Each structure stands twice: as C-alpha cells, then as structure tokens.
Colleague: 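Dumping the structure here so I can ask a few things about it.
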Amino acid sequence: MQFNGAGYKGLFIAIFVVLLVIFLLREVKIDNPIMPMEIFKDQERVSAYIARFFYIGSMFSFFFLVPQVLQKYYGFTPLLSAFGFMPETMPQFLFGMLQSKLSSKYKNENILLFGTIVTLLGVLMLFGLDLKHGYMISVALPMIVIGIGQGFSFGPLTVSGVANTPKELGGVTSSAVNVFHQLGSSILLSLVVTLTAGIANVITAYHYQTLLMSLLMLVPLIMAINIKRLHRK
C-alpha cells in the first residue's frame, strides 16, 4: 500500500495545527510540562528562537534546492554536487572556530548581528547573480559568503537561545533551541518548495526560490537587531 500525502496538504496542515494547539493547551494546564511557558518570557530568548526558526528555514532551503540546480542546470552528478558545497562548508568550519575565539573579546549580540548580515548578503548574491555566469561566480562565490555568515551565526544564536535562563529551566531552553531548529527546517523548506513547485523552468524556479530565502533571512536580521537593542538597555 502506497501512502502519498501530496493530495492532502490541507488535511495535514489542519492536523498539525490541531495537534499543536492541543499540546500548548496541555502544557499550560499541567503541573510539570515538557515545555514550560516561562521560557518565552525573556525577550532575548524569544528573539533567538524566532531568528533560528527563519534562519534554519532559509538555510535548509539552500541546502535542499541548490544541489538540484547544480544537477539540473550545470549537469553535476549527485556526488559532484556534494563536493560543490565545499566553498560553503570550509568557511563555515573555519569561521565557526574563529567565532568561538572572538566571543571572549566581542559581545555575542554583535557577532550575531554581523553573522546574519553576512548570511543575508550571501543569499542576496545567489538571488542576484545569473546562473549563466557559471558555477564559480553564480554559486561558489555566494557559498563562501554564506559559509562565513553561518560560522558567525550558529554559536551566538545558541547563546542567545539560552540567555538569562534560571537553573531549573536550563535543559528546557536548550531543548527549545533544537525544537525551533527542526520546526524551521521542515515548515519553511516545505513552504518554499510548495510555492515554487509549479515552475517548470529551472532558472525561473531558482530565481523565486532564492528570493524567498532572502525574505526569510530578513527575519533573523530583525531579531538580531532586537537582541542588540535589548542589551543597550
């Protein structure tokens, strides 16, 4: 028996919303909730959760859709597409290590703001550069910028996600970081794919996909600005 949910999008969305509401109502009422609502009382943590939700949604769309473009437009094999992500992977690794060293010198909110700006710039480059310029210019160059932004963003996002946490809520707030990570990757990737699924032309689809990624990345930037504002008080 084959189960295909493609024709039941509305039904599955409705089921998700109903189950989410039931979960939240139960969490509010019980004495020992899995996700105490107290974790959402701190503005910095909430801003970090929202930022991570949209940041990861944009980046997972990037991870999922760009390899398809590499194969459909440039003729890469699946294996070569994996190696084609090295311009993003290596900067993320190197600048992630640099960020951990800089965190003792520069404030977390400043590093986070810098990382989100650089990531947004990289995604805008994907959107603005025509694929006809070739892999090195149109894809690899933006990947380097995105990798640098990711290296500076992921650590500070986690730090802000557990900021100002009472000892008894330490495990819950760190778990919430992962929850918003998973929700952002699944929900927003699905949204980007759904909105562009009907576009047959590879270049046109990629243009709209990178536009949506750029719009998603605006939210983490706004949240990073808000976190910096909170630390000025």
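Not measured: the values here are computed from a predicted model.
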Colleague: Search all heavy atoms of L129 against all heavy atoms of I137 and return the closest pair with its distance.
Modeller: CD1-O, 3.2 Å
Colleague: Quick check: do L102 and F152 have side-chain heavy atoms less than 4.5 Å from each other?
Modeller: yes
Colleague: Are F85 and V66 packed together at the side-chain level, in the sense that at least one heavy-atom pair is separated by less than 4.5 angstrom?
Modeller: yes
Colleague: Which pair of non-hydrogen atoms, one from I39 and one from V172, has the smallest distance, and what is that distance?
Modeller: CG2-CG1, 3.7 Å
Colleague: How far apart are the C-alpha atoms of H181 and F60, what are their side-chain angles, what is the distance that settles it, and do they pass the side chain to side chain contact (heavy atoms under 4.5 Å, CB included) test?
Modeller: CA-CA 10 Å; H181 184 111; F60 263 73; 4.0 Å; yes
Colleague: Please check: side-chain N/O of Y135 versus main-chain N/O of G84, any donor-acceptor pairing under 3.5 Å?
Modeller: yes
Colleague: Quick check: do Y49 and T173 have side-chain heavy atoms less than 4.5 Å from each other?
Modeller: yes
Colleague: Which atoms form the tightest heavy-atom contact between P91 and M86, and what is the distance?
Modeller: CD-O, 3.9 Å
Colleague: Going only through I, L, V, M, F, W and Y residues with side-chain contacts under 4.5 Å, is there a path from I227 to F54?
Modeller: yes
Colleague: Are I117 and L113 close enough that some pair of their side-chain heavy atoms sits under 4.5 Å apart?
Modeller: yes
Colleague: I need the L195 CG to Q209 CD distance, nearest 0.5 Å.
Modeller: 10.0 Å
Colleague: Rounded at 0.5 Å granularity, tell me how far CE in M90 sits from CD in E88.
Modeller: 11.0 Å
Colleague: Let me check something: do L112 and L218 share a hydrophobic cluster, defined by ILVMFWY side-chain heavy atoms less than 4.5 Å apart, either directly or through other members?
Modeller: yes
Colleague: Please report the interatomic distance CG(L221) to CG(L216), rounded to the nearest 0.5 Å.
Modeller: 13.0 Å
Colleague: Is there a side-chain contact between I199 and Y206, using heavy atoms and a 4.5 Å cut-off?
Modeller: no
Colleague: Identify the heavy atoms of S61 and G57 that sit nearest to each other, and give their distance.
Modeller: OG-O, 2.8 Å
Colleague: Can F62 be reached from M136 by stepping across I, L, V, M, F, W or Y side chains whose heavy atoms are under 4.5 Å apart?
Modeller: yes
Colleague: State plainly whether one hydrophobic cluster holds both V193 and Y55, where clusters connect Ile, Leu, Val, Met, Phe, Trp and Tyr through side-chain heavy atoms under 4.5 angstrom apart.
Modeller: yes
Colleague: In terms of heavy-atom contacts, does CZ of F63 have more than 12 from other residues, nucleotides or ligands at under 6.0 Å?
Modeller: yes
Colleague: Do P78 and Q71 come within less than 4.5 Å of each other through their side chains, counting heavy atoms only?
Modeller: yes
Colleague: Apply the test side chain to side chain contact (heavy atoms under 4.5 Å, CB included) to residues V139 and L131: give CA-CA distance (whole Å), side-chain angles for both, the deciding distance (0.1 Å), then the verdict.
Modeller: CA-CA 8 Å; V139 181; L131 289 173; 4.3 Å; yes
Colleague: As an exercise, state the distance from CG of L211 to OH of Y208, rounded to the nearest 0.5 Å.
Modeller: 8.0 Å
Colleague: Just by modelled atom types, is the A200 backbone N or O under 3.5 Å from a matching donor or acceptor in the T204 side chain?
Modeller: no
Colleague: Could you walk me through whether F40 and M35 pass the side chain to side chain contact (heavy atoms under 4.5 Å, CB included) check?
Modeller: CA-CA 10 Å; F40 300 109; M35 182 179 287; 3.7 Å; yes
Colleague: Could you tell me the separation between the CG atom of L188 and the CE atom of M59, rounded to the nearest 0.5 Å?
Modeller: 11.5 Å
Colleague: So with a 6.0 Å cut-off around CZ of F23, is the heavy-atom count from everything else above 12?
Modeller: yes
Colleague: Going hydrophobic residue to hydrophobic residue with side-chain gaps under 4.5 angstrom, can you get from I148 over to I56?
Modeller: no
Colleague: Q99 vs Y106, test: side chain to side chain contact (heavy atoms under 4.5 Å, CB included). Steps then yes/no.
Modeller: CA-CA 9 Å; Q99 175 271 316; Y106 298 97; over 6 Å; no
Colleague: Just so I know, are the side chains of I187 and F53 near enough to count as touching, which here means a heavy-atom distance under 4.5 Å?
Modeller: yes
Colleague: Heavy atoms only: give me the nearest E38-R45 pair and the separation to one decimal.
Modeller: O-NH2, 3.5 Å
Colleague: Kindly give the heavy-atom pair with the smallest separation between T119 and I146, and that separation in Å.
Modeller: O-CG1, 4.2 Å
Colleague: Out of curiosity, L70 CG to L80 CG, how far, rounded to the nearest 0.5 Å?
Modeller: 8.0 Å
Colleague: Check whether any side-chain heavy atom of M37 lies under 4.5 Å from a side-chain heavy atom of L24, and answer yes or no.
Modeller: yes
